[in-house]
Every structure is written in structure tokens, then in C-alpha cells.
Amino acid sequence: MRRVSLYDSMTRATRGFAPISPPRVGLYVCGLTPYAPAHVGHGRTFVIFDMVARALRRWGYRVFYVQNVTNLDDKLIARAAEADDDPLALAERHFLDFRRSMERLGVRSVNYYPFATDYVPEILDQVRALVDRGFAYVASDGSVYFEVAKFPRYGALSGQKVTALQPGARVEVDPRKRSPEDFVIWKAATPGEPSWESPWGPGRPGWHVEDTVMTGKLLGARYDLHGAGLDLIFPHHEAEIALSEAATGLAPMVNYWMHTGLVSMTGEKMSKSIGNVSSLEQAIDDFGPAVLRFYYLNAHYRSAVDFVPGKSLEECREAYARLALPATRIAELLERDGPDRAGDPVPAELADAAGELVEQLDSTLAEDFNSREAIAALFGWTRRLTELVPQLEHLDGAGLAQLDAPYAWARETLGLFEREGSTRTGAWARVVPLLLDARARARSRGDFAEADRIREELRALGIVVEDSSGSTRWRFADPS
RNA sequence: GCCGAGGUGGCAGAAUGGUUAAUGCGACGGACUGCAGAUCCGUUUCCUGGGGGUUCGAUUCCCUCCCUCGGCUCCA
């Protein structure tokens with residue numbers, strides 16, 4: 001296992017990562033409440049933790065990655081009511097869309113997506129335990145609240161002092177609470193909502209308790225790593241700590257907290273409730289998954305990034321295309337001729353440099369997942385290889401694989417450079433070269449009118465033909 | 001008001017108690033090309049919010065001020 005250091009939001013320091021029972025790592029990331037389509041900001045958090053899981057696995061850790069789904073809450077109920085729909089069905093639909101986006105983005109590292117409503121019996125057990133132990137109280141309507149005053153460590157993660165909070169700053173104070181900082185863990189049902197029987201009457205789980213029950217059941221009372229966007233630090237993660245540690249008596253609930261920086265748009269946090277969102281699905285459609293991953297990983301995960309429509313992803317498209325060029329050429333050659341293709345061996349110093357770079361990439365990423373530095377190093381490799389692009393044609397399969405090693409590293413950890421299906425299979429792969437041969441003959445006899453006609457005909461079919469000094473290449477036109 | 005994270009070139013965005021502050025985008029110039037496109041090469045010397053302090057040396061550490069963003073019981 002490689003030595004990894006990461007910034008822990010609880011201690012506010014970069015620390016060496018030591019799992020409770022190596023090589024196993026329990027990773028929990030707060031997933032989304034699927035009441036609306038996912039936006040570009042959500043994608044950032046999930047791509048980042050996908051990278052974290054991929055990298056840890058590469059380095060020998062056995063990561064069990066859980067990402068929850070809050071499939072029932074006030075917003076879902078409100079949205080469903082507007083559309084005369086069932087909240088659980090609405091959540092299911094949005095979740096499936098979200099999974100499709102994640103699949104397209106190459107986020108495949110999550111082992112399990114638990115749904116909150118599948119854990120109601122366990123949630124009731126935890127609520128009951130908290131009441132029994134005196135940490136929670138039952139209000140007159142049958143709702144159950146956690147009493148923050150009973151848990152002195154409350155506020156350790158966020159640095160907040162309960163006395164300094166401004167109750168009602170953004171959300172109205174619930175009159176059933178003993179104290180404004182208390183939070184609901186079991187909500188008495190209003191007629192028409194999905195509800196479950198409980199000792200306190202029909203109701204449904206509060207948000208915070210869902211997570212502690214699922215992590216407790218799936219990862220244990222104490223586990224290694226908890227991640228999410230930093231907007232969840234207060235109150236959600238503070239509440240998770242209080243609930244779990246109060247209910248189990250075991251602390252700390254989690255050893256390392258990782259929080260990702262937020263994506264803003266027009267200077268404000270991108271947020272469903274503000275409405276300044278840019279659809280994740282649309283961004284993938286327009287730019288492809290690789291450009292989006294590049295966008296996310298091209299900044300340190302903890303820094304805030306501003307999303308500028310019409311600019312941010314366009315810039316990344318240019319940069320990524322340049323970065324990926326040698327990787328694409330190598331992949332094309334290996335795809336065409338197979339891994340055993342004949343040719344010259346690669347010069348030893350170049351092969352060595354590739355190996356050294358891979359080591360450098362690993363150590364860079366192992367220091368608090370600095371994907372930006374890794375990408376900068378990859379640009380260095382691309383610069384070096386682009387000078388050799390005309391010579392790649394003459395190298396043997398093993399040599400190409402050696403030169404590809406840094407890109408293969410990025411495929412594994414960053415999820416970049418993955419070929420989205422071959423563009424060169426099927427009938428096109430046979431027919432287009434025939435047409436290009438005819439065009440080449442036309443060009444060589446000076447019949448440029450015919451050459452241009454063939455190029456235009458192909459263009460109309462969505463195939464772009466590009467000449468370079470020695471050869472002609474073709475590709476499918478960009479989707480937009 | 002309180003808590004937290006920040007302020008780096010035209011833009012995005014890293015890093016560091018010490019030679020030219022990474023990388024990319026953009027811009028400009030050139031190469032290649034029948035044309036188009038793509039690609040490549042070069043240039044972009046004057047970039048670390050203001051003021052103090054510590055130090056031989058600060059963009060980095062400390063204090064203070066200003067500004068921005070996030071949170072204050074909806075949120076990735």
C-alpha cells in the first residue's frame with residue numbers, strides 16, 4: 001500500500017492516511033436528494049470521490065464505497081405534490097437519470113447506493129436508542145428531536161459555537177423544538193405522505209439520521225473516510241457525528257473528513273434552490289465525459305471553481321484535446337494492429353522516462369489527491385510525445401504500450417483517455433479508407449475538384465477528413 | 001454578528017522560506033498544406049489584495065485591514 005496523505009477537515013491538517021483495518025477502507029459519500037436533475041456542481045463531488053476510490057484501489061487499498069440516496073424528504077414530497085406524483089417514484093426516476101450520468105462519466109467506483117427508505121426499521125432502532133439514552137425527546141405531535149445540549153462535542157467539525165448561531169437565518173425555527181439548534185430525527189407524518197408506524201405514531205425519518213444508520217450498518221460504528229461537498233459540514237455532518245457517537249457510544253465515528261470545494265456560477269454557489277444550475281446531462285451531451293472529468297480534475301478538489309457557461313468547458317475541450325492527442329494516436333495504432341504489432345523498439349531512455357513519470361504521478365496524487373499537479377505533469381509528457389507523433393507509426397506494440405504508460409495511469413486513476421467505443425469498426429472502417437484512396441489518387445494527379453468533392457461528400461455524412469504532411473486522417477465530426 | 005475557506009498574469013489554475021512562480025486557455029508570430037482543417041514550433045521580460053512584523057531572504061510564517069465565497073439546522 002502506498003503512503004497517502006490527505007487533508008482532514010476535522011483536524012484542519014494534512015495527515016497520513018491510516019485505515020482502521022488495512023488494506024480495507026470504508027468510504028462514505030453523501031449522495032444527492034434526487035428531487036431534480038443533477039447539475040454540474042454535483043458532478044464535481046462524485047467525480048472527485050471516484051478518483052479517490054480509483055487511486056486508493058490502485059495503491060492496494062480495498063475500498064468499500066457507499067453513497068447514499070435520500071429518496072424521501074420535504075422537497076421530494078413538495079415536488080411530487082405539485083405534479084400529483086408519488087415522491088418515492090419521483091426520486092427513483094431522478095436517481096436512475098443520475099446513475100446514467102454517472103455511468104457516462106465513468107463513475108463506476110461506488111459499490112453500493114443504499115436508499116434511505118430501505119432502512120426504516122434500523123432508523124427506528126436508532127431513534128429509540130437515542131430517546132432511551134436521553135439524547136432525544138418526543139414532541140407533542142410525535143416528532144422526535146435530537147437535543148444538541150446533551151452532546152457537548154457538537155460543533156467540533158465546523159468550529160461553530162451553538163450560542164453564536166443565528167436561529168432562523170435561512171430556515172424558519174420549528175416551534176416544537178426545545179431549543180433552536182435541536183434537529184428532527186423522526187418526523188410525524190402529515191396525511192397523504194409516505195409514512196411508517198413507530199412507537200410515536202406514523203412518521204418518516206429525518207435527514208441526518210438516515211446517514212448514520214446506513215453507515216453504521218454498512219461500514220460500522222467507526223469507519224475511515226467520509227466525503228461530501230463542503231456545504232454539508234454544518235449542520236449535516238455535525239449532526240451525523242452527534243447521532244452516531246451518542247447512539248453507539250463509540251468515537252470518532254469517522255477518522256478522516258474530506259470536503260470538496262463548491263462550483264459557483266455567476267459568482268454564486270450553483271444550487272438547485274437558487275436556480276443557477278447547469279444540467280450535468282446536457283454538459284455531458286455537449287462536451288463528452290472526458291472534457292467534464294478534465295474540468296473537475298483540473299483544479300484541486302478543495303478549491304472553489306467558478307463555472308462560466310460558454311467558456312469553462314470550451315477551454316477545457318481545447319486543453320484536453322491537446323493533452324489527449326498522443327494517447328489517441330497510440331490507441332488508434334494498437335486498435336488497428338493489435339498489441340503485438342511489429343516495428344522498432346522504443347528508445348530505452350524514453351521508456352525509462354515513462355516509468356519515472358508514472359512513479360511521479362502516483363506520488364503527486366498521493367499527496368492530498370492533487371490531480372491538478374498530475375495533469376500538469378501529463379502535459380509535459382504530451383509535449384514530449386507530440387514531437388514524436390510521426391514516428392509512432394514505426395514503433396512496435398510493446399514500445400507503444402510503454403509510451404502509453406502515463407496515459408494508462410490516468411485512465412486508471414483519473415478516468416481520462418477512455419475511448420468511448422471505437423470509431424473505426426463496422427462498415428465505415430472499410431468504406432472510408434476506400435474513398436480516401438480514391439481521393440488520394442485524385443490529389444496526386446492534381447484533380448483537386450474531385451478530391452474536394454469526396455471530402456465534402458464525407459463531411460455531409462458527418463465524417464471529417466484532415467490532411468497532414470504525410471498522411472490523411474478521418475474522424476467523426478464532433479456532436480455539437 | 002459568529003464559524004469556515006479564499007484573494008496568484010488578459011483568463012483558468014498549481015506550487016514553494018531562496019536561481020527564470022508550474023501547467024493550460026487566449027493572443028501574437030512562424031512552420032506545414034493545392035485549399036480547408038488539424039497539428040507543430042516560438043513569443044507573451046513588467047502576475048502573489050493593502051499595511052505592518054519575523055527573517056540574510058516572505059508569494060509562503062505571524063498580526064491587522066479590505067474584499068470575495070460558503071455555512072448559521074433546505075443543499076454535492
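Below, read A as the first sequence line, B as the second, and so on, with proteins coming before strands; counting in each chain starts at 1. Below, all heavy atoms of this structure are taken into account, side chains as well, without hydrogens, waters or symmetry copies.
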*Asks:* Would you indicate what Gly159(A) reaches in the nucleic acid, counting non-hydrogen atoms under 4.0 angstrom: base, sugar-phosphate, or nothing?
*Replies:* sugar-phosphate
*Asks:* At under 4.0 Å between heavy atoms, what does Ser9(A) touch on the DNA or RNA strands: base, sugar-phosphate, or nothing?
*Replies:* nothing
*Asks:* With a 4.0 Å cut-off on heavy atoms, is Arg322(A) in touch with a base, just the backbone sugar-phosphate, or nothing at all?
*Replies:* sugar-phosphate
*Asks:* On the six-membered ring of Tyr137(A), is Arg178(A) placed so that its NZ or CZ lies under 6.0 angstrom from the centre and within 45° of the ring axis?
*Replies:* yes
*Asks:* Categorize Leu262(A) for me: base, sugar-phosphate, or nothing, with a 4.0 angstrom heavy-atom threshold over every strand shown.
*Replies:* base
*Asks:* Glu318(A) has an atom CD; how far is it from atom C1' of A12(B), in whole Å?
*Replies:* 14 Å
*Asks:* From the list A76(B), U73(B), G70(B), which nucleotide is the closest neighbour of the side chain of Lys177(A)?
*Replies:* U73(B)
*Asks:* Can you tell me how far C1' of A21(B) sits from CZ of Arg372(A), to the nearest Å?
*Replies:* 14 Å
*Asks:* Taking the minimum atom-to-atom distance to the side chain of Ser303(A), which one of G13(B), U73(B), C72(B) wins?
*Replies:* G13(B)
*Asks:* Stacking here means centres under 5.5 Å and planes under 30°; does Phe234(A) stack on G71(B)?
*Replies:* no
*Asks:* With a 3.5 Å cut-off and heavy atoms only, can you find an N or O donor on one side and an acceptor on the other between the side chain of Arg302(A) and the base of A5(B)?
*Replies:* no
*Asks:* Name the nucleic acid region contacted by Glu238(A), choosing base, sugar-phosphate or nothing; use a 4.0 angstrom heavy-atom cut-off, strictly under.
*Replies:* nothing
*Asks:* Which base sits across from C46(B) as a Watson-Crick or G-U pair, both distances under 3.5 Å?
*Replies:* none
*Asks:* Once you apply a heavy-atom cut-off of 4.0 Å, does His42(A) come out as touching a base, just sugar-phosphate, or nothing?
*Replies:* base
*Asks:* For a quick check of understanding: with a heavy-atom distance under 4.0 Å over all strands, which category does Val263(A) fall into, base, sugar-phosphate or nothing?
*Replies:* base
*Asks:* Counting side-chain heavy atoms from CB outward, which of C35(B), A14(B), A76(B) is closest to Asn370(A)?
*Replies:* A14(B)
*Asks:* Please identify each residue that fulfils salt bridge (charged side-chain N to carboxylate O under 4.0 Å, His left out) with Glu450(A), with sequence neighbours left out.
*Replies:* Arg453(A)
*Asks:* With a non-hydrogen cut-off below 4.0 angstrom, is Phe379(A) in contact with a base, only sugar-phosphate, or nothing?
*Replies:* sugar-phosphate
*Asks:* Would you mind classifying the nucleic acid contact of Ser264(A) as base, sugar-phosphate or nothing, using non-hydrogen atoms under 4.0 angstrom?
*Replies:* nothing
*Asks:* Checking all strands, does Glu373(A) fall into the base, sugar-phosphate, or nothing category for heavy-atom contacts under 4.0 angstrom?
*Replies:* base
*Asks:* Quick check on the 6.0 Å ring-centre criterion: do Tyr113(A) and Phe95(A) meet it?
*Replies:* yes
*Asks:* Please determine whether any donor N or O and acceptor N or O are separated by less than 3.5 Å between the side chain of Asp452(A) and the base of G34(B).
*Replies:* yes
*Asks:* Going by the angle between their ring planes, with limits at 30° and 60°, are Phe183(A) and Phe146(A) parallel, tilted or perpendicular?
*Replies:* parallel
*Asks:* With a 6.0 Å cut-off on the ring centroids, do Tyr320(A) and Phe417(A) count as close?
*Replies:* yes
*Asks:* Quickly, which of Thr70(A), Leu88(A), Thr33(A) forms a side-chain contact (heavy atoms from CB on, under 4.5 Å) with Leu76(A)? Name it, please.
*Replies:* Thr33(A)
*Asks:* For Arg12(A), answer base if it contacts any base atom (sugar-phosphate contacts may also be present), sugar-phosphate if it contacts only those atoms, and nothing otherwise; contact means non-hydrogen atoms under 4.0 Å.
*Replies:* sugar-phosphate
*Asks:* Over all strands shown, is Thr260(A) touching base, sugar-phosphate only, or nothing at heavy-atom distances under 4.0 angstrom?
*Replies:* nothing
*Asks:* Do Asp467(A) and C35(B) share a donor-acceptor pair, side chain to base, under 3.5 Å?
*Replies:* yes
*Asks:* Compute the ring centroids of His208(A) and His237(A), then answer whether they are less than 6.0 Å apart.
*Replies:* no
*Asks:* For G1(B), what is the paired nucleotide under Watson-Crick or G-U wobble rules, both distances under 3.5 Å?
*Replies:* C72(B)
*Asks:* What nucleic acid atoms does Val465(A) come within less than 4.0 Å of, heavy atoms only: base, sugar-phosphate, or nothing?
*Replies:* base
*Asks:* Expressed as a whole number of angstroms, how long is the span from Phe146(A):CZ to U73(B):P?
*Replies:* 17 Å
*Asks:* My understanding is that a pair needs two contacts under 3.5 Å, Watson-Crick or G-U wobble. By that rule, which nucleotide pairs with G6(B)?
*Replies:* C67(B)
*Asks:* Take the protein atom CD of Glu466(A) and the nucleotide atom C1' of U33(B), then report the distance between them rounded to whole Å.
*Replies:* 13 Å
*Asks:* Rounded to whole Å, please give me the gap between CG in Asn298(A) and C1' in C11(B).
*Replies:* 13 Å
*Asks:* Within the structure shown, what part of the strands sits under 4.0 Å from Arg383(A) by heavy-atom distance: base, sugar-phosphate, or nothing?
*Replies:* sugar-phosphate
